Amino acid sequence: MEQLLKQIGQHKKEINASTAATKDELEAFRIKYLGTRGLVKTIMGEMKNVATENKREAGQLLNEFKIFTEAKFEELKSTLGGDAVEEAGTIDYTLPGDELPLGTRHPISIVQNKIMSIFQTLGFAVAEGPEIEDDWHNFSALNLPENHPARDMQDTFYLNENPAWLLRTHTSSVQIREMQKGKLPLRIICPGRVYRNETISARAHCFFNQVEGLYIAENVSFADLKQTLYFFVQEMFGQDVKVRFRPSYFPFTEPSAEMDISCLICGGSGCSVCKKTGWVEILGCGMVHPKVLDNCGIDSNKYTGFAFGMGVERIAMLNYQIKDLRLFSENDTRFLSQFKAAF
Ligand code: PHE
């Protein structure tokens with residue numbers, strides 16, 4: 001009897017100190033003390049060892065212990081439940097939620113996607129290629145043999161480890177790769193990043209993005225080229241924009257031209273962006289040089305083609321009236337988040 005009293009006393013202390021911060025802890029308490037194999041049941045089993053004269057007293061004691069434990073359980077339960085109720089009471093479900101800052105599409109991606117979608121409506125397929133190129137795909141195949149002065153037109157980054165490799169200076173290299181596949185007619189646009197060793201300023205960067213285009217079939221003419229680019233300009237900038245072609249020089253096209261559009265900033269009256277001329281150059285183009293076709297294994301007597309190439313940053317600057325090219329690569333979200341993507 002002494003023994004039992006002592007045991008119960010100890011258990012009571014332990015039970016009294018119990019806490020339950022979670023539902024799981026509450027359940028653990030219940031199993032430990034009130035479960036079918038719990039402590040209360042086990043101690044009840046001790047009754048059979050108690051001497052007959054003490055049974056009454058022991059019964060009372062055990063009963064009291066059981067009630068004590070159950071009360072503690074209820075107490076723990078209500079503290080836990082009470083907390084939850086209190087918390088729910090303080091939440092105002094009608095308040096707007098916390099806004100999650102979502103990323104936005106980069107303006108260069110937006111403009112590039114728009115350029116691509118315009119040419120896609122004309123049946124041009126998208127072709128991509130490596131940014132690290134060899135000399136042949138970037139230059140030689142494009143009718144720029146070694147030591148050709150036209151190579152100076154594009155300051156090239158060569159790889160230190162192996163100067164036979166370079167960072168492509170234009171995506172014309174992708175056009176070479178596609179022509180080599182020999183599937184004709186060919187109608188592709190080549191978007192992608194290109195690199196040139198230029199001093200970074202508001203108007204120049206050592207990397208930028210291009211979309212170049214190529215169409216090769218039988219009887220492709222300069223008129224096809226002009227019509228394609230007229231369509232592009234109208235879709236990109238609207239019906240009112242004026243277009244002009246100026247003769248130019250590229251080793252890989254003959255004849256070659258540059259295309260200007262009337263300045264979107266001043267409407268043609270003259271400003272700093274168009275250097276007071278009313279016109280801004282947006283792309284280079286021309287009829288693919290027969291040597292380039294031959295270099296890629298295409299019969300230049302049978303096939304002709306046109307090619308063009310434009311800088312995406314230039315178009316984006318005109319489109320959004322952005323005066324500093326560097327903004328595109330600084331990743332300042334105050335700048336980037338201003339552009340809404342329709343593409
Ligand atoms: N590859 C030329 C450049 O990067 C652009 C161009 C492409 C010009 C196709 C004519 C024809 O400057």
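Start at 1 and go down the list; that is how both ligands and their atoms are numbered. Just so you know, these numbers use all the heavy atoms, side chains as well, and skip hydrogens, waters and symmetry mates. Starting from 1, each residue takes its place in the sequence as its number. All values derive from a computational prediction rather than experimental measurement.
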Which segment of Cys285 sits under 4.0 Å of ligand 1 when only heavy atoms are counted: backbone
Phe252 contact mode with ligand 1 (heavy-atom cut-off under 4.0 Å): side chain
contact_flag Gln210 ligand 1 heavy-atom lt 4.0 Å: yes
Sub-6.0 Å ring centroid separation between Tyr215 and Phe306: yes
Ring-ring centroid check His205 Tyr195, cutoff 6.0 Å: no
Side-chain donor or acceptor of Thr253 paired with backbone N/O of Tyr249 under 3.5 Å: no
Aromatic plane relationship, Phe29 with Phe73 - under 30° parallel, 30 to 60° tilted, over 60° perpendicular: parallel
Per atom 12 (O) of ligand 1, closest listed option by heavy atom (Arg196, Met310, Glu212): Arg196
Ile132 and Leu159, any side-chain heavy atoms less than 4.5 Å apart: yes
Within-cut-off N or O pair, Thr169 and ligand 1, under 3.5 Å: no
No-hydrogen, no-angle side-chain donor-acceptor test under 3.5 Å, Glu14 and Tyr33: yes
Proximal atoms of ligand 1 relative to Ser172 (non-hydrogen, under 4.0 Å): 1 (N)
Ligand-residue contact atoms, ligand 1 with Phe250, heavy atoms, under 4.0 Å: 8 (C), 10 (C)
